[in-house]
Trainee: 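One structure is given below, represented as structure tokens, and several questions about it will come after.
In what follows, every chain begins at residue 1, and chains take the letters A, B, ... in the order their sequences are listed.
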Amino acid sequence: RGLHIKNAVGWNTAKDAYNNFGSNRGKSAFFNDRGNANRGRFEHGGFGGGGGNSRWVEESRDDGDWSKPTPRNERLEHELFSGSNTGINFERYDDIPVEATGHNCPHHIESFQDLDLGEIIMGNIALSRYTRPTPVQKYAIPIIKSKRDLMACAQTGSGKTAAFLLPILSQIYTEGPGEALNAAKENGKYGRRKQFPISLILAPTRELALQIYDEARKFSYRSKVRPCVVYGGADIGQQIRDLERGCHLLVATPGRLVDMMERGKIGLDYCNYLVLDEADRMLDMGFEPQIRRIVEQDTMPHKGIRHTMMFSATFPKEIQILARDFLEDYIFLAVGRVGSTSENITQKVVWVEESDKRSFLLDLLSATGKDSLTLVFVETKKGADALEDFLYREGYACTSIHGDRSQRDREEALSQFRSGKCPILVATAVAARGLDISNVKHVINFDLPSDIEEYVHRIGRTGRVGNLGLATSFFNDKNGNITKDLLDILGEAKQEIPSWLESLAYEHQHKSSTRGRSKRFAGGFGARDYRQTAAGGNAGGFAGRGRNQGGHGGARGFGGGGFGNFYTSDGYGGNYSHSQVDWWGN
DNA sequence: AAAAAAC
């Protein structure tokens, strides 16, 4: 075996790798084959995953330059890069307005070559078939490369995962593991070692964490960086064993990460890069304590020392204020959409009484082509089960996803929906954010959500890959609280507004002191830097900063057609779901 | 009141 190890240092032959990597991750295989999925990384080919093996892996990473690519592995390369994700072709979208605000904002790039991202990253960009950076990447990459903190307001599907993974990994490759590696080595020789990831990415749902992890595997190909993912509902023993093989970049949902920290499996002492994806959700009432537990009440480097990045399609002012606790002198980035005439999501709101919803839904579904995907959102888990059951009895191939289903069932449902085997997915909020499902033609809000951010994220599941999207919402007198915000959204997106909705909004405004918004979101969810408003700036201690001190890029496209009423007194920005853009080029 | 997120 020793001989095998020595030989293996020269990396496995394609044949070895093939033999040792039997199970690809298709469908819901990930849950079952968690270990195999990671063993697929060629470093681990041929090893069962005991402590001794992971020592070998660790030591092999130890020496040498982290900036130099490790040898190719064709089997793995094929697995990582041949997927349906065909890269981003952005050539038609130079006119998307982006605004960067904050002190001394680094200049944006126009091409991946404009910055020294290093050999490994450039290779993986090529393998991913990315030709040019998307707008959020043009701005975020140099900001992150120059170690500035960042709050970025950009639609999912705009290439934001790569916008943080590329520069973070690039820097890890350039700078090497530093102290993190020594800490891991001192920790004990016989397995069960605490891992000290250099970068941590937190996401609000398990499926989203998985999706980010998949991207991380691509961009860490041929490097010494080993990405891992941990989330609830799956076997913790397998996740621990996977961590013990080495973990330099960790993607996690908060609860399972806290568990791992308390079990002594993860130490954040050397975690220099922190990303909160869907940051406004991560900082809302349900998640905030766990985020503070992870970021503030443990061993993570303080803000200003570590580097913190937040991404979301919505950023309510209240959340921006809260976010200051984690950020140091950050840049705020607002990424807009192509000119106001090219909305590719048609938003419809129809009045449907509760008792008529099912038959109305059947009408909609019968008018839908068989090969297009329809995502039906409901408010409750019970409602999701009941509706799935109903549709099933009506003869529709449908499935459902919600938090009371087993993790295995959740991943299976998502996979059947993605593949078109079940072209109708009934879902709760768990599927509203971040999931990249191509070819969703129709989003139906069977039940409207109670806050507008949720609405924005939900309808953003359609209109991707240049397809036209349709979003239909059932509205009745239970939805009074969202009336005003919905009206604003429809207006900004130049959508048809039913006259009854308009008069309802007017009535509601005079009935309700908070205009239907919860206190927490009283400031608007806007796509703008709250520091730029007089009130926000003063309240937040950022008084006296002029607008757009970053100095560049800001004025471009703003106040013009591109952002519509981006700077209305409400602070509602041009970054709603209709800002969903044909990022792929046709 | 309900969703999500650890066991």
Trainee: For a quick test of reading the model: is some side-chain N or O of A/Lys382 closer than 4.0 Å to OP1 or OP2 of B/dA2?
Mentor: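 So the side chain of A/Lys382 is outside the cut-off, no N or O lying under 4.0 Å from OP1 or OP2 of B/dA2.
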Trainee: Any donor-acceptor pair under 3.5 Å linking the side-chain atoms of A/Glu215 with those of A/Gln211?
Mentor: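 The answer is no; no qualifying pair exists.
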Trainee: Hey, is the side chain of A/Thr253 poking within less than 4.0 Å of OP1 or OP2 on B/dA6, counting only N and O atoms?
Mentor: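 Affirmative; the distance criterion is met.
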Trainee: Quick check on A/Tyr392: does its OH atom have over 12 non-hydrogen neighbours (other residues, nucleotides or ligands) under 6.0 Å away?
Mentor: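 Incorrect, the count does not exceed 12.
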Trainee: Taking only side-chain N and O atoms of A/Thr428, does any of them lie within less than 4.0 angstrom of OP1 or OP2 on B/dA4?
Mentor: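 Affirmative; the distance criterion is met.
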Trainee: Counting only side-chain N and O atoms of A/Arg206, is one of them less than 4.0 Å from OP1 or OP2 of B/dA6?
Mentor: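 Yes, A/Arg206 has a side-chain N/O under 4.0 Å of OP1/OP2 on B/dA6.
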Trainee: Starting from C1' on B/dA4, measure out to CG on A/Leu202 and report it in whole angstrom.
Mentor: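 Atom CG in A/Leu202 sits about 14 Å away from atom C1' in B/dA4.
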Trainee: With pairs defined as Watson-Crick or G-U wobble and both distances under 3.5 angstrom, please note down DNA chain B as a dot-bracket string, | for pairing with another strand.
Mentor: .......
Trainee: Base, sugar-phosphate, or nothing: which does A/Gly403 touch, judged by heavy atoms less than 4.0 Å apart?
Mentor: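 If one applies the 4.0 Å heavy-atom cut-off, A/Gly403 turns out to touch the sugar-phosphate alone, with no base involved.
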Trainee: How long is the line joining CD of A/Glu379 and P of B/dA4, in whole Å?
Mentor: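 Distance, rounded to whole Å: 10 Å.
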Trainee: Rounding to an integer number of Å, can you tell me how far A/Leu435 CG sits from B/dA4 P?
Mentor: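 Whole-Å distance recorded here is 12 Å.
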Trainee: Given atom CG of A/Asp284 and atom C1' of B/dA2, what is their separation to the nearest angstrom?
Mentor: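 The answer, rounded to whole Å, is 13 Å.
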Trainee: Atom CZ of A/Arg433 to atom C1' of B/dA3: distance rounded to whole Å?
Mentor: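 A/Arg433 atom CZ is separated from B/dA3 atom C1' by 11 Å.
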Trainee: Is it true that a side-chain atom of A/Asp149 and a backbone atom of A/Thr308 form a donor plus acceptor pair closer than 3.5 Å?
Mentor: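 Judged by distance alone, yes, a pair lies under 3.5 Å.
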Trainee: Side chains of A/Thr314 and A/Asp280 only: does a donor on one sit below 3.5 Å from an acceptor on the other?
Mentor: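 The answer is yes; a qualifying pair exists.
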Trainee: Of the listed nucleotides (B/dA4, B/dA2, B/dA6), which one gets closest to any side-chain atom of A/Val430?
Mentor: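 Closest nucleotide to the A/Val430 side chain: B/dA4.
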Trainee: Check whether the side chains of A/His442 and A/Thr472 place a donor and an acceptor atom closer than 3.5 Å, and report yes or no.
Mentor: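 Yes, side-chain donor-acceptor contact under 3.5 Å.
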Trainee: Taking NZ, NE, NH1 and NH2 as the nitrogens, is one of them in A/Lys303 or A/Glu296 under 4.0 Å from a carboxylate oxygen of the other?
Mentor: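 No, this pair does not count.
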Trainee: Check every atom of B/dA2, B/dA6, B/dA4 against the side chain of A/Tyr231 and return the nucleotide holding the closest atom.
Mentor: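 Of the options given, the side chain of A/Tyr231 lies nearest B/dA6.
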Trainee: Look at all strands and tell whether A/Arg410 reaches a base, only sugar-phosphate, or nothing, counting heavy atoms closer than 4.0 Å.
Mentor: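 The residue A/Arg410 makes sugar-phosphate contact but no base contact.
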Trainee: Does A/Asp447 have any side-chain hydrogen bond (donor to acceptor under 3.5 Å, both in side chains) partners at least two apart in sequence or in another chain, and if so, which?
Mentor: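 A/Asp447 satisfies side-chain hydrogen bond (donor to acceptor under 3.5 Å, both in side chains) with A/Lys357 once adjacent residues are dropped.
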Trainee: Can you tell me the distance, in whole Å, between the CD atom of A/Gln290 and the P atom of B/dA5?
Mentor: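 It works out to 10 Å between those atoms.
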Trainee: Quickly work out the A/Arg458 CZ to B/dA4 P distance and round it to whole Å.
Mentor: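 Atom-to-atom, A/Arg458 to B/dA4, this comes out as 11 Å.
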Trainee: Just how far, in rounded Å, is C1' of B/dA1 from CG of A/Asp447?
Mentor: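 Spelled out: CG on A/Asp447 to C1' on B/dA1 is 13 Å.
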